[in-house]
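Notes for the one structure printed next.
Just so it is clear: chains get the letters A, B, ... in the order the sequence lines come, proteins before strands, and each one is counted from 1.
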Protein chains: 2
Amino acid sequence: MSAIADVARLAGVAKATASRALSGRGYVSEETRQKVVAAARAIGYVASPNAASLVTGRTKSIGVIIPFISRWFFSEVLESMEEALLAEGYDMTLYNLPAASPERDSVFDYFLARKRFDGVISVGVALSEGEVDHLHRLGRPLVGIGGPIRGVQTIAIDDVAAARLATEHLLSLGHQDIVHVGGNQADEMDFKVHSNRLTGFYAAMRDAGRATSGCFYPCEFTMPGGYRVGLSVFGDPRSRPTAVFAASDEIAIGLIVAARELGIQVPADLSVIGIDGHPYADMFRLTTLEQHPRRQGRLAVATLLTELDAPLHRDESDHLTVLPTNLVFRSSTSPPRNPPGA
Amino acid sequence: MSAIADVARLAGVAKATASRALSGRGYVSEETRQKVVAAARAIGYVASPNAASLVTGRTKSIGVIIPFISRWFFSEVLESMEEALLAEGYDMTLYNLPAASPERDSVFDYFLARKRFDGVISVGVALSEGEVDHLHRLGRPLVGIGGPIRGVQTIAIDDVAAARLATEHLLSLGHQDIVHVGGNQADEMDFKVHSNRLTGFYAAMRDAGRATSGCFYPCEFTMPGGYRVGLSVFGDPRSRPTAVFAASDEIAIGLIVAARELGIQVPADLSVIGIDGHPYADMFRLTTLEQHPRRQGRLAVATLLTELDAPLHRDESDHLTVLPTNLVFRSSTSPPRNPPGA
DNA sequence: CCCGGATAGGGAACCGGTTCCACACCACAA
DNA sequence: TTGTGGTGTGGAACCGGTTCCCTATCCGGG
């Protein structure tokens with residue numbers, strides 16, 4: 001294990017000069033630089049990031065806290081963030097924090113404690129006041145996805161607006177009997193996506209003068225979750241709606257699978273719209289609002305790195321960037337079979 | 001930012017004593033220990049892992065290289081490894097290395113270079129000889145999932161045997177016309193899973209005295225991939241097999257969805273078996289061989305940590321642990337509608 | 001009573017870099 | 001000729017811990 005002192009000795013210069021030559025900071029003559037670089041290569045020298053960050057305070061590493069790894073949105077965000085960070089020379093240390101994790105405190109107390117990371121990105125975790133304080137005390141840039149978090153730059157889509165748009169799409173097709181199948185806001189406290197999408201649904205319904213009682217079915221946020229709800233809700237022909245707004249594409253696909261099994265034609269008998277832009281949406285011909293998680297991940301990284309270069313003042317840091325969603329119209333939605341007044 | 005010197009001063013002891021008191025190493029009287037702990041708490045002292053690892057050589061951090069984050073098997077492995085590592089006080093830094101990544105070299109040259117990690121886990125990445133050497137030169141424990149890797153302890157299932165078992169299940173049900181839909185070994189070089197499963201399939205067929213020509217359909221390793229292959233293969237009634245062994249559950253489910261759309265009854269007209277134990281398998285009533293990725297992840301972590309405590313000799317380190325798979329018999333497989341000789 | 005070993009704690013070196021500061025040199029302007 | 005400022009380099013301090021080594025006390029056994 002060779003150290004920079006070995007490089008310096010071999011090159012016939014002082015440690016300080018070797019350091020400057022290799023890092024590119026400070027004055028070094030071209031001739032000396034080349035000697036040092038050659039010496040470093042000769043003995044296979046690689047700088048110890050630990051030693052460097054001990055004095056510079058920079059670790060070139062960022063911490064990510066996230067409630068799920070294996071769910072679509074989160075894994076996409078993760079993949080895009082890792083890629084963006086790597087390209088900038090940062091690496092990513094991952095903390096998976098489900099809502100009720102026994103390790104949760106230790107992550108905040110120990111792992112995110114001190115000098116480990118140049119910055120932290122929080123993806124869709126609902127942080128307690130104490131946890132937010134804890135992160136702020138690190139004095140490091142902090143960026144959120146799915147916010148807002150107090151005093152933190154956040155990237156998000158407008159869940160209320162997206163849900164409203166999805167609902168309005170169904171309304172504009174002439175549907176009278178619309179229900180929403182979405183997350184149960186009690187469990188899985190990943191922010192307010194669940195309640196926001198429900199809010200958007202109710203708002204659109206109310207604006208259209210529709211009653212909303214009995215129009216919401218809580219559901220696990222997965223394809224099997226949607227499937228189970230679909231079987232039970234569509235099972236009884238009398239209670240069957242003509243259109244469903246699902247809070248996620250996976251739920252929507254579960255609903256479609258259930259409908260098909262029950263012999264219900266989509267979209268003729270039942271329109272289904274989701275939110276996400278899941279890669280499976282196309283094969284189920286699902287109309288959906290795409291939310292581009294990779295774009296969110298990349299923007300989060302860019303925001304964090306920008307703030308690293310030029311720290312913001314306390315008051316400018318509380319900023320929410322809303323990314324657009326876009327409607328992809330496939331054939332899981334259509335006007336109802338018997339339009340009103342026909 | 002308080003340092004251990006501040007703690008020592010406040011407690012009225014030397015740095016060395018404070019260090020011993022807080023780390024629990026060496027002799028410290030109970031009384032002194034309490035004083036130091038109290039002082040540390042009073043000023044909110046948290047040790048700098050950087051400084052510690054600079055001298056101990058331990059970073060309490062392990063690196064993971066993985067070709068996908070968002071695919072089921074890999075995200076499950078990741079989630080289980082993160083959990084196991086966190087419980088042992090380690091954190092996990094993630095490098096996503098698709099087969100042809102422009103960053104690939106930089107990960108090996110720079111990020112995995114020196115003193116960053118106490119160990120490395122490689123999940124399903126096919127490493128070049130040079131890369132394996134590179135990792136070995138780190139002189140740190142290295143564990144693989146999906147191996148084998150030269151000179152590395154590896155956790156894996158027996159893909160050949162699993163494929164054989166799946167195929168034999170179909171054979172034992174009396175199917176005459178069996179095909180395999182699996183990964184294209186040319187692309188996505190994540191090891192030999194693709195070719196191993198194909199090998200197992202061919203072996204079982206051969207042992208049963210079956211012809212195998214034209215029995216393999218290459219397929220993207222995803223649900224839409226299976227769906228597309230299903231539409232094209234099942235589309236023509238004359239070429240339609242009575243049973244399919246899919247190399248993954250996602251492919252299998254894609255096939256089932258395609259079959260349903262084409263009006264083909266599963267399992268009456270078509271039996272489908274997969275490999276994985278995917279959470280969606282149940283809702284599609286898919287018969288499958290479960291491979292328990294979380295168990296693989298946990299075992300990889302346990303193996304790595306064991307090796308960290310007691311480094312192995314060069315020759316004992318080349319060990320492959322084969323984890324069992326188990327058949328879960330659901331209703332996507334049954335005897336063919338017209339058994340031979342009926 | 002003396003000695004060896006366990007317990008307790010202080011001083012200082014050390015891990016491997018970066019950076020501050022001092023100094024030397026040189027060119028060019030005043 | 002004497003500043004003045006840009007270059008180039010070395011020495012040494014420093015980041016924040018851990019650990020080696022040394023000294024001191026106490027206790028039990030020979």
Can you give me the closest heavy-atom contact between A:Val28 and A:Arg33, atom names plus distance?
CG1-N, 3.7 Å
Between A:Asp6 and A:Tyr45, do the side chains contain an N or O donor and an N or O acceptor separated by less than 3.5 Å?
no
cation_pi(B:Arg71, B:Phe68) dist<6.0 Å, angle<=45:
yes
With the side chain defined as heavy atoms from C-beta on, A:Arg25 is closest, among C:dT19, C:dG17, D:dC15, to C:dT19
Could you list the protein-to-nucleotides 9-12 of chain C atom pairs, N/O on both sides, closer than 3.5 Å?
| unit_1 | atom_1 | unit_2 | atom_2 | d |
| --- | --- | --- | --- | --- |
| C:dG9 | OP1 | B:Ser29 | OG | 3.3 |
| C:dG9 | OP1 | B:Thr32 | OG1 | 2.5 |
| C:dG9 | OP2 | B:Ser29 | N | 2.9 |
| C:dG9 | OP2 | B:Ser29 | OG | 3.4 |
| C:dG9 | OP2 | B:Thr32 | OG1 | 3.2 |
| C:dG10 | OP2 | B:Ala14 | N | 2.8 |
| C:dG10 | OP2 | B:Thr17 | OG1 | 2.5 |
| C:dG10 | N7 | B:Arg20 | NH2 | 3.0 |
| C:dG10 | O6 | B:Arg20 | NH1 | 3.2 |

note: A:Leu22, atom CG; C:dT19, atom P; distance rounded to Å ~ 13 Å
Which whole-number value in Å describes the distance from A:Arg58 CZ to D:dC15 C1'?
16 Å
Rounded off to whole Å, could you give me the CG-to-P distance for the B:Asn50 and C:dG16 pair?
14 Å
Is B:Glu79 reaching over with its side chain to a backbone N or O of A:Ile69, donor-acceptor style, under 3.5 angstrom?
yes
Rounded to the nearest Å, what distance is computed from the CG atom of residue A:Asp6 to the P atom of nucleotide C:dC15?
11 Å
Using a 4.0 Å heavy-atom cut-off across all strands, classify B:Ser19 as base, sugar-phosphate, or nothing.
base
Answer yes if the side chains of A:Gln291 and A:Gln296 hold a donor-acceptor pair under 3.5 Å, and no otherwise.
yes
Please give, in whole Å, the distance from C:dG16 P to A:Arg9 CZ?
12 Å
N or O in side chain of A:Tyr45 less than 4.0 angstrom from C:dG17 OP1/OP2:
yes
Tightest non-hydrogen contact, residues A:Val301 and A:Leu85, listed as CG1-CD2, 3.7 Å
Nearest-Å distance for atom pair CG/C1', residues B:Leu54 and D:dC14
12 Å
Donor-acceptor side-chain pairing of A:Thr93 and B:Thr93 below 3.5 angstrom:
yes
To the nearest Å, how far apart are B:Glu31 CD and C:dT7 P?
17 Å
Whole-Å gap separating C1' (D:dT9) and NZ (A:Lys35)
11 Å
